[in-house]
Amino acid sequence: MRTREKITLVFRYLCIILFGILIAVPFYWMIITSLKDPNRVFVRPMEWFTDKFRIENYSALFTQYHFEQYVFSTVKLCLLNVAGTVLSCSLVAYGFAFGRYRHKNKIFFIVLLTMILPATVTFFPQFILYTKLGMYGTLLPLWLPSFFGNAYYIFFLRQYFLTVPKSLMDAARIDGCGEMKTLLKIVVPMAKPVYVVMILNTFIGVWGDFFNQLIYITNRENYTISIGLTALNKSYGHTSSIMPTLMAGAFIVTIPVLIVYYFGQRAMMNSYVFRDTGK
């Protein structure tokens, strides 16, 4: 390796380490604050270490503030959205990929056009619709739309479905497989990386959502993690007494996202590599 290449490589790794530290410092501050005594949170100069770990800050979330209710509501919303997105997008994408009917490409083009509409444009008509249907104040507006498809994932799945060898599809039909069985037995197993990405992104999007949940959730029993932590912060203000508990809740919220990305990163990378089938 030449000297210039070595210098470039060292500089590249130094930049990676620097940006990694910049990202890790706030995360470390969140963890160490969640373990501090409330009276030691805002001391100056700031303490980067603590001599006593207060696990009580975590247990207080469940014993005093009923954090398990927020977790249950959030997990329920995530599961419903994942199920709806996978089911609806799979059926629609399969129809666009292998269906034979008039104006298929025109309909697909109309679906793609919906991707250019910003969320601020569609929010108010949706809000009025849900209010007229009596869904405001319930969890329905937060998971029911997932059962009507997502234009991006429909496009993503359709493009991946088209890479399935035509000979394999013909062999399945010759063996007597119907459309649904072909989808479940042939197409879906070959598109696992795409489904992993779709499930991960849907889960993370719902898990970290704040705006929609803030608008539609009015009953405290339906509070999600994001709304619950916000309500906890508003109830007690930015005081040192509640800050460790808030940071403990924030850390708990972060754990599932880190686990999901850690185990799904390889599948996410593979999903963006389309196979050449020679068709």
Side-chain angles (χ1 to χ4, degrees), residues 1-61 67 70-71 74-75 77-78 81-82 119 152-153 156 192-213 224-230 232-233 238 240 242-274:
M1 184 180 295
R2 298 177 181 178
T3 304
R4 185 175 180 179
E5 293 178 350
K6 291 181 179 179
I7 296 175
T8 303
L9 186 62
V10 170
F11 178 76
R12 185 181 305 170
Y13 278 105
L14 286 176
C15 291
I16 294 174
I17 293 172
L18 176 62
F19 282 109
I21 293 174
L22 292 177
I23 294 173
V25 166
F27 189 72
Y28 171 78
W29 183 87
M30 175 182 65
I31 296 175
I32 200 66
T33 303
S34 69
L35 297 170
K36 282 184 178 181
D37 184 283
N39 297 323
R40 307 298 300 175
V41 174
F42 294 117
V43 296
R44 292 292 182 271
M46 186 171 62
E47 296 179 347
W48 291 96
F49 303 95
T50 178
D51 54 354
K52 183 179 180 181
F53 293 151
R54 286 179 56 89
I55 307 300
E56 297 86 356
N57 297 330
Y58 287 86
S59 60
L61 284 171
F67 197 69
Y70 308 151
V71 175
T74 309
V75 171
L77 277 179
C78 290
N81 276 275
V82 167
Y152 173 73
Y153 293 132
F156 201 10
K192 282 184 179 180
V194 180
Y195 281 101
V196 171
V197 172
M198 186 164 58
I199 292 172
L200 296 185
N201 288 343
T202 303
F203 173 83
I204 293 172
V206 177
W207 185 267
D209 181 35
F210 176 74
F211 177 75
N212 292 309
Q213 296 173 6
T224 58
I225 290 176
S226 300
I227 306 301
L229 290 177
T230 304
L232 184 62
N233 188 26
H238 297 281
S240 59
I242 196 63
M243 187 58 67
T245 305
L246 285 175
M247 292 300 102
F251 178 61
I252 292 175
V253 172
T254 308
I255 292 175
V257 179
L258 295 177
I259 294 175
V260 163
Y261 267 124
Y262 178 79
F263 289 102
Q265 58 182 340
R266 183 181 298 275
M268 293 180 70
M269 294 175 61
N270 293 336
S271 65
Y272 291 99
V273 180
F274 292 91

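The CZ atom of Phe67 sits 11.0 Å away from atom OH of Tyr58, with the distance rounded to the nearest 0.5 Å. Distance check, rounded to the nearest 0.5 Å: CH2 of Trp29 to NZ of Lys36 gives 7.5 Å. A distance of 13.5 Å separates OG of Ser226 from CZ of Phe211, quoted to the nearest 0.5 Å. Here the CZ atom belonging to Arg54 is positioned 8.5 Å from the OG1 atom belonging to Thr245, to the nearest 0.5 angstrom. Taking CD1 of Ile227 as the reference point, atom CD of Gln213 lies at 5.5 Å (rounded to 0.5 Å). Taking CD1 of Ile199 as the start and NZ of Lys192 as the end, the distance is 11.0 Å to the nearest 0.5 Å.
Counting heavy atoms from C-beta outward, Leu18 and Leu14 have side chains that stay 4.5 Å or more apart. A 4.5 Å side-chain heavy-atom check between Leu35 and Phe251 finds every atom pair outside the cut-off. Counting heavy atoms from C-beta outward, Asn212 and Asp209 have side chains that approach closer than 4.5 Å. Contact of the Met30 side chain with the Thr254 side chain is registered, since non-hydrogen atoms from C-beta on lie closer than 4.5 Å. Between Tyr13 and Leu9 the shortest side-chain heavy-atom distance falls below 4.5 Å.
Ring geometry for Phe203 against Trp207 counts as parallel: the plane angle stays under 30°, on a 0 to 90° scale with 60° as the upper cut. Using cut-offs of 30° and 60° for the angle between ring planes, the Tyr28 and Trp48 rings count as parallel.
Shortest non-hydrogen contact noted between Asn57 and Ala248 is O-CB, 3.9 Å. Of all non-hydrogen atoms in Ile31 and Ser34, the two that sit nearest each other are O-OG, 2.5 Å.
The side-chain contact (heavy atoms from CB on, under 4.5 Å) test with Ile252 is passed by exactly one of Leu229, Ile225, Leu61: Leu61.
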